[in-house]
Enquirer: 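This is the structure I have questions about; it appears just below.
When reading the values below, keep in mind they use all heavy atoms of this one structure, side chains included, and skip hydrogens, waters and symmetry mates.
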Amino acid sequence: MQLIQQSPDIAAYLAADEAIDHHHPRVREVAAGLAREADDAYAYARAAFTYVRDTVPHSADSGDPRVTWRASDVLATRNGICYAKSIALTALLRAHAVPAGLCYQRLADDDGSNPVVHGLVALRLPGHDRWARVDPRGNKPGIDARFSLEEERLAWTVREHLGEVDYPTVHAAAPPGILRALRSARDRTELWQTLPTHL
């Protein structure tokens with residue numbers, strides 16, 4: 001799939017905002033620690049992906065009721081759903097001058113019911129002429145997402161016959177509907193009732 005930049009200006013994919021707060025001390029601290037172990041942008045991006053995937057549990061897996069939406073809060077609490085984890089990874093990548101944005105899929109149950117939008121990250125490393133999607137959701141039995149720029153290794157492959165969709169847009173900021181759901185939910189149970197079903 002050809003990914004499409006929402007903004008034609010690559011600088012938009014390095015910017016900070018209220019959610020992707022990569023100038024926050026907590027984000028900078030984590031980024032600096034990752035950079036000490038990485039000798040180039042690829043190694044850093046891979047380390048950042050692995051960090052978010054493996055050390056920030058998805059709250060549906062851990063049972064944590066808290067809802068996070070700022071990258072700094074996700075990293076401080078080590079908690080978040082796919083949207084929050086994607087925001088955190090995007091912030092860590094931008095903190096190290098790696099252009100990154102947010103991507104989404106529309107997924108459903110095996111019978112096509114209960115559609116929900118799932119969050120991913122797209123990044124563009126120096127010297128690469130295209131965006132690559134990665135999924136920091138977190139692995140568990142049946143899910144084996146990996147860092148790969150050549151071949152996508154996402155948590156889920158879209159099943160078009162069930163109405164699932166790969167959205168091609170690389171967003172420079174979280175879409176308003178997703179941010180609204182994250183910011184307004186008092187806990188994960190309430191969030192589950194307000195998750196977007198499409199973009």
Side-chain angles (χ1 to χ4, degrees), residues 1-23 27-28 30-54 56 71 74-75 82-107 117-139 143-160 164-179 196 198-199:
M1 179 181 67
Q2 183 73 30
L3 296 175
I4 302 165
Q5 287 181 210
Q6 179 190 36
S7 170
D9 185 358
I10 197 70
Y13 298 93
L14 293 168
D17 62 29
E18 191 177 10
I20 304 170
D21 58 344
H22 63 77
H23 296 307
V27 179
R28 303 303 292 180
V30 173
L34 294 168
R36 280 193 291 274
E37 305 297 321
D39 55 6
D40 61 18
Y42 178 91
Y44 176 84
R46 185 182 185 113
F49 167 82
T50 302
Y51 182 88
V52 174
R53 184 194 65 186
D54 295 350
V56 179
V74 175
L75 297 174
C82 62
Y83 304 143
K85 294 185 65 164
S86 294
I87 287 168
L89 177 55
T90 299
L92 287 174
L93 292 168
R94 292 183 185 184
H96 199 64
V98 175
L102 301 164
C103 291
Y104 299 92
Q105 295 174 313
R106 183 177 189 262
L107 303 173
V117 175
H118 174 60
L120 309 167
V121 173
L123 68 150
R124 191 166 178 175
L125 288 179
H128 285 75
D129 61 355
R130 65 180 185 84
W131 292 90
R133 292 189 306 174
V134 295
D135 190 344
R137 182 234 178 263
N139 291 338
I143 297 176
D144 185 25
R146 305 278 179 102
F147 184 85
S148 175
L149 302 183
E150 293 75 35
E151 176 187 6
E152 287 190 336
R153 297 290 304 273
L154 307 178
W156 290 283
T157 301
V158 159
R159 302 167 295 180
E160 293 181 3
E164 294 183 337
V165 178
D166 267 323
Y167 294 110
T169 302
V170 181
H171 296 264
I178 287 174
L179 263 187
H198 63 277
L199 283 186

Enquirer: As an exercise, state the distance from CZ of Arg133 to CZ of Arg130, rounded to the nearest 0.5 Å.
Expert: 10.5 Å
Enquirer: Between NE2 of His22 and CG of Leu93, what distance do you get to the nearest 0.5 Å?
Expert: 10.5 Å
Enquirer: Report the C-alpha distance between Trp131 and Gln5 in whole Å, list the side-chain angles of each, state the deciding distance to 0.1 Å, and finish with yes or no for side-chain hydrogen bond (donor to acceptor under 3.5 Å, both in side chains).
Expert: CA-CA 9 Å; Trp131 292 90; Gln5 287 181 210; 3.2 Å; yes
Enquirer: A side-chain contact here means heavy atoms from C-beta on lying under 4.5 Å apart; do Val170 and Leu102 qualify?
Expert: no
Enquirer: For Ala145 versus Asn139, what's the shortest heavy-atom pair and its separation?
Expert: N-OD1, 2.7 Å
Enquirer: Any donor-acceptor pair under 3.5 Å linking the side chain of Arg137 with the backbone of Ala155?
Expert: no
Enquirer: Work out which heavy atom in Ala172 is nearest to a heavy atom in Ile20; give both atom names and the distance.
Expert: O-CD1, 3.8 Å
Enquirer: Where is the tightest heavy-atom contact between Ala16 and His23, given as atom of each residue plus distance?
Expert: CB-CD2, 3.6 Å
Enquirer: Which is it for Val117 and Gln105 under the side chain to side chain contact (heavy atoms under 4.5 Å, CB included) test, yes or no, and what are the steps along the way?
Expert: CA-CA 6 Å; Val117 175; Gln105 295 174 313; over 6 Å; no
Enquirer: Hey, is Arg53 close enough to Asp135 for a salt bridge, meaning N to O under 4.0 Å?
Expert: no
Enquirer: To the closest 0.5 Å, what do you measure between CZ (Arg46) and CD (Glu37)?
Expert: 14.5 Å
Enquirer: Please tell me if the side chains of Asp40 and Leu125 come closer than 4.5 Å, counting only heavy atoms from C-beta onward.
Expert: no
Enquirer: Could you check Leu199 against Ile178 for side chain to side chain contact (heavy atoms under 4.5 Å, CB included), going step by step and ending with a plain yes or no?
Expert: CA-CA 9 Å; Leu199 283 186; Ile178 287 174; 4.0 Å; yes
Enquirer: Ring centroid separation for Tyr42 and Phe147, is it under 6.0 angstrom?
Expert: yes
Enquirer: Specify the closest pair of heavy atoms between Leu34 and Ala48, including all atoms of both residues, with the distance to one decimal.
Expert: CD1-CA, 3.7 Å
Enquirer: Which pair of heavy atoms, one from Arg94 and one from Ala15, lies closest together, and at what distance?
Expert: NH1-O, 2.6 Å
Enquirer: For Leu123, does its backbone N or O pair with a side-chain atom of Tyr13 as donor and acceptor, under 3.5 Å?
Expert: no
Enquirer: Got Val158 and Val165 here, is their nearest side-chain heavy-atom distance under 4.5 Å?
Expert: no
Enquirer: Is it true that Arg106 and Glu164 have a side-chain N and a carboxylate O under 4.0 angstrom from each other?
Expert: no
Enquirer: Check each of His118, His198, His171 against Tyr104 using the ring pair (Phe, Tyr, Trp, His ring centres under 6.0 Å) test, and report the only one that passes.
Expert: His171
Enquirer: Can you tell me how far the CZ atom of Arg124 sits from the CG atom of Leu14, to the nearest 0.5 Å?
Expert: 11.5 Å
Enquirer: Tell me, with the steps shown, if Leu75 and Tyr51 meet side chain to side chain contact (heavy atoms under 4.5 Å, CB included).
Expert: CA-CA 10 Å; Leu75 297 174; Tyr51 182 88; 3.9 Å; yes
Enquirer: Is the side chain of Ser86 donor-acceptor paired with the backbone N or O of Gly119 at a distance under 3.5 Å, no angle test?
Expert: yes
Enquirer: Can you check whether Pro136 reaches Val121 side chain to side chain, under 4.5 Å on heavy atoms?
Expert: yes
Enquirer: Taking it one step at a time, do Leu154 and Leu120 satisfy side chain to side chain contact (heavy atoms under 4.5 Å, CB included)?
Expert: CA-CA 9 Å; Leu154 307 178; Leu120 309 167; 4.2 Å; yes
Enquirer: To the closest 0.5 Å, what do you measure between SG (Cys103) and CD (Gln6)?
Expert: 10.5 Å
Enquirer: Give the minimum heavy-atom separation between Ala19 and Ile87, together with the two atoms involved.
Expert: O-CG2, 3.4 Å
Enquirer: Roughly how far, to the nearest 0.5 Å, is the CG atom of Leu3 from the CG atom of Asp166?
Expert: 8.5 Å
